[in-house]
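Structure, as structure tokens:
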Amino acid sequence: MFVRLVYESFRRQPRRKLLVAVAVALGAAVSTAMIAIAMDIGDKVSRELRTLGANLVVTPEEDSLDVQIGSVNLKPAGGYLNEADLPKIKGIFWRNNITALAPLLPVNVKTDAGEVTLLGTYFSKSLRFGNQEFTTGARQTFPWWKVQGSWPSDDSGNILVGRRLAARLAVVPGSQLEMNGEVHPVSGIFATGGDEDGQIVAPLFLAQKLAGKPGAVGKIFVSAVTKPEDAFARRSPDSLSAADRDRWYCSPYPQSIAYQLQEVIPHSHAEQIRRIAQNEGTVLSRIKGLMLLITLAALFTSGLAVAAAMATAMFERREEVGLMKALGAGHFPLSAIFVTESVLLACIGGLAGFAFGSVLAQRLGRTIFGSGMAVQPVLLPVVIGLAIAVTFAGSATAIRRAVKSDPVRALRGEA
Amino acid sequence: MRSRKAQGRTMFFRMLARAAMLRKRSALAALLATVVAAAAATAMLNLFWDVQGKLQREFRNFGANIVVEAPEGTTLSDDAVRSIQAAVNGQGLAVPFAYAVARTGKDQAVVVAGTDLEAARKLNPWWAVSSWPQTSEEALLGVRAARLISPEQKPFSLHYQGRKIQLSPAGTVHTGAGEDSRIYVSMKDFRAWTGLQPSVMEIAGNGSPQELNSLMQRLHESFPDLDVRAVRQVAEGEANVLGKTRSTLLASSTFIVCTAALCVLATLTGWVFDRRRDFAIMKALGASDRLIALFVAGEAAVLASAGAVLGFSGGIGIAAWIGRANFHAPVAPRFELFPAILAGCLVVTLSSTVLPLRLLRRIQPAMILRGE
């Protein structure tokens, strides 16, 4: 009888039930999408922030000073890292957070414009660590470098000339440039807006040859997806207890990734480039905080809206309740019927809403960030639980009033 | 004697008021839904306009976004420095930097930079500085430079072209970049010692990309001999992140506002439909379809106005709270949004009465009154 009552109620008033279910589904969809966005936005924006370039730098351990004013490196810092150690960076704990890396070897060369600094680097080189292959270099690490002409390949003798230097030397893409008595083809002119505009960039092996230091690297710039640092991140790992140290090591703080880089590259010192790392941390936490607060507001809004729709739907059924009461239904079974109906509606609406919301989040992620938002399966019970709570809260007063009211008045339409 | 028309008008308003009084609860539910939708729309629109500026301010912390440099081998005159600062004034901060390679007592080469330390501090908030120089002849040492030159924080001397300066370390600066290898002194000390003029102005300009472009254009035209360039590293990252955040915000706002609006639709449709018996009685007493439609529309308009006013105030409160909690600065209320919010409320409430009214029009009053 109970099941039949509920079933009939759905069968007899499909339009009204649909309206409420749609309201619940919409609320659930927005909640699902917003929670998914709030949970994933940090990762997405963090990856977008990599357009700011490297946030970590690995230098040789030795204490020496860079004597560089503007684009002219008067005395490149002594001490070198070993090029053969580079692929090991892809073997650290947070290897998947390393989005790009580029070695840099400065060497001064003689040109028609006097002594200029040449930077040796990878442009887009294929490296291998274990059985994992990855391609990386300056093009990924410094995405704001703009090249007019073409990027040289990593095993060619071609070079890029900075915008300001090119103007002084009067070279264009395709011309030749004499360095230390050797002629090299210029494959492009590049602009960065920084000191590099007055320098030359060449494949790493060429710089090593010019410097007479095979296998040497001066600095390694690493671009890593990190978590904004907090007080815990700033603690020194050596001062932490074993459990805390593990937690520190296994959080993608700039400090812990730097620590791990230092572990794999022998005789090195790794640290964050504060200008990028610190500021991107602030930007990231602002955006994350904003989305979190908006999600809270969205949950609250859709909750209230669904509750209002539910309350109205319940008010409409006073007569039905009056009739059932007149026929002798007790308070408990009556409430049970309506509560069951609400829960059923919440489940149906919640399920449909979750599906719709996941698709929404996916589409949004793909359109804006180029990769879908990850919707955690654990969200499903959360969203359905929220939907049940909201529909229940919305209908509770209405049910109680309907059940308590005098059936005669309800039937006369006066309640 | 009042005219019939005036009486009719009074009656109309009395009916409106009585309808709200008699069905307090369901009217309240409908009002709640409208208020929530209006508040959500207000808060999201307010945030959407304001977040751009708030985030742009965060990006100004990345330091200079425009650099003006004298051609190699030359320096900027005092006049040039002053007029660049005047050109930038009000739209940002312009800080001069002068560089020289000096030698320490142990003949170690080191780059010394002279600058307005107070301004450099504002320009580069990410510098981790242990203590800023307070008096003259105090220097700020990069951490690498400090380890080599003054490991025990003892005073040291530097030589530049035969001239000597005695400096005491005030503190260290740590940035993870070139600054770590340099020594910073005040411009006054630097010029008295080396006699060199600044060669670079670092400018942190505020505002949108268009405003920055026009600032650059102005500098370019005023100083054709100097190299004026945008620091593209930050500009590109900023545009990228801001654009994507705004898109996400816009999409989320659309979701939220649409849901709230649809819920208003559902609530109001149910509300009007629920009162079919009242309308049937009105119709049976001789009210025309037009009068009933007018009556319902009037109700919807009152609801929309009340909802818009309450929701607008609530929404501004929510936006201000989010601004304070997240950006530590309130979001300025945009009162010019109110007409749009009111119009949106009217459209939603009026359109949600259309469907039930059309259904009612088709039905004979007798059928409803019989309860069919």
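All chains are named by letter (A, B, ...) in the order of the sequence lines, taking the proteins before the strands, and each is independently numbered beginning at 1. Only heavy atoms go into these numbers, but all of them, side chains included; no hydrogens, no water, no symmetry mates.
The environment of CZ in B:R324 is sparse: at most 12 heavy-atom neighbours from other residues, nucleotides or ligands sit within 6.0 Å. The number of heavy atoms from other shown groups lying within 6.0 Å of OH (B:Y160) is above 12. Environment of NZ in A:K288: sparse, with no more than 12 heavy atoms of neighbouring residues, nucleotides or ligands closer than 6.0 Å.
Of all the listed residues (B:A128, B:A30, B:A40), the one sharing the greatest number of non-hydrogen pairs under 4.5 Å with chain A is B:A128. Ranked by heavy-atom pairs under 4.5 Å with chain B, the first of A:L56, A:I276, A:V24, A:L296 is A:I276. If you tally non-hydrogen atom pairs under 4.5 Å between each of A:L293, A:V57, A:I41, A:V283 and chain B, the highest count goes to A:L293. For the options B:V241, B:V264, B:V110, B:T175, heavy-atom pairs under 4.5 Å to chain A are most numerous at B:T175. For the set B:V234, B:V200, B:T34, B:I149, the count of heavy-atom pairs under 4.5 angstrom toward chain A peaks at B:V234. Chain B forms more heavy-atom pairs under 4.5 Å with one residue of A:A298, A:G194, A:S302, A:A23 than with any other, namely A:G194. Contact count against chain B (heavy-atom pairs under 4.5 Å) is highest for A:R275 among A:H269, A:R275, A:E271. When A:L52, A:T59, A:T282 are compared by the number of non-hydrogen pairs under 4.5 Å with chain B, A:L52 comes out ahead.
In this structure, CZ in B:F48 is found 10.5 Å from CD1 in A:I294, a value given to the nearest 0.5 Å. Considering OG1 of A:T51 and CG of B:N240, their distance stands at 4.0 Å, rounded to 0.5 Å. In this structure, CZ in A:R286 is found 8.5 Å from CZ in B:R57, a value given to the nearest 0.5 Å. B:W126 contributes atom CH2, which lies 11.5 Å from atom CD1 of A:I273 (distance to the nearest 0.5 angstrom). Atom CD1 of A:I287 is separated from atom CD of B:E58 by 9.0 Å, given to the nearest 0.5 angstrom. To the nearest 0.5 angstrom, B:T245 atom OG1 is 8.0 Å from A:L290 atom CG.
Contacts of B:L47 with chain A are made by side-chain atoms alone, with heavy-atom separations under 4.5 Å and no backbone atom involved. Heavy atoms of A:K146 lying under 4.5 Å from chain B belong to its backbone as well as its side chain. Residue B:I322 touches chain A through both its backbone and its side chain, counting heavy-atom pairs closer than 4.5 Å. Proximity to chain B is absent for every atom of A:A29, based on heavy atoms less than 4.5 angstrom apart. Of the two parts of B:A98, neither the backbone nor the side chain holds a non-hydrogen atom closer than 4.5 Å to a non-hydrogen atom of chain A. Interface residue B:V51: only side-chain heavy atoms are found under 4.5 Å from chain A.
Contact of the A:L26 side chain with the B:F255 side chain is not registered, since no non-hydrogen atoms from C-beta on lie closer than 4.5 Å. In this structure, A:Q272 and B:H174 have side chains that are not in contact, with every pair of non-hydrogen atoms separated by 4.5 Å or more. Contact annotation: the side chain of B:I318 never approaches that of A:F300 to less than 4.5 Å [non-hydrogen atoms, C-beta and beyond].
B:S252 meets the side chain to side chain contact (heavy atoms under 4.5 Å, CB included) test with A:M34, A:I37, A:M291, B:T248; sequence neighbours excluded. Listed by chain and number, the residues in a side-chain hydrogen bond (donor to acceptor under 3.5 Å, both in side chains) with A:S223 are A:R50 (sequence neighbours excluded).
Using a 4.0 Å cut-off between charged side-chain N and carboxylate O, B:E179 and A:R274 make no salt bridge.
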Start with the C-alpha distance between A:T301 and B:M44, add both sets of side-chain angles, then the distance that settles side-chain contact (heavy atoms from CB on, under 4.5 Å), and finish with yes or no. CA-CA 12 Å; A:T301 309; B:M44 295 307 289; over 6 Å; no
Working for side-chain contact (heavy atoms from CB on, under 4.5 Å), residues A:V22 and B:L262: CA-CA 9 Å; A:V22 165; B:L262 282 171; 5.8 Å; no
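Inspection of non-hydrogen atoms places B:D227, B:R229, B:A230, B:V231, B:R232, B:Q233 of residues 226-233 of chain B under 4.5 Å from chain A.
Not one N or O on the side chain of B:N61 forms a donor-acceptor pair closer than 3.5 Å with the backbone of A:N279.
Counting all heavy atoms, side chain and backbone alike, B:N326 lies closest to A:S285 at OD1-O, 4.0 Å.
Under the salt bridge (Lys or Arg N to Asp or Glu O under 4.0 Å) criterion, the residue pairs touching residues 239-249 of chain B are A:E48-B:K244, with sequence neighbours excluded.
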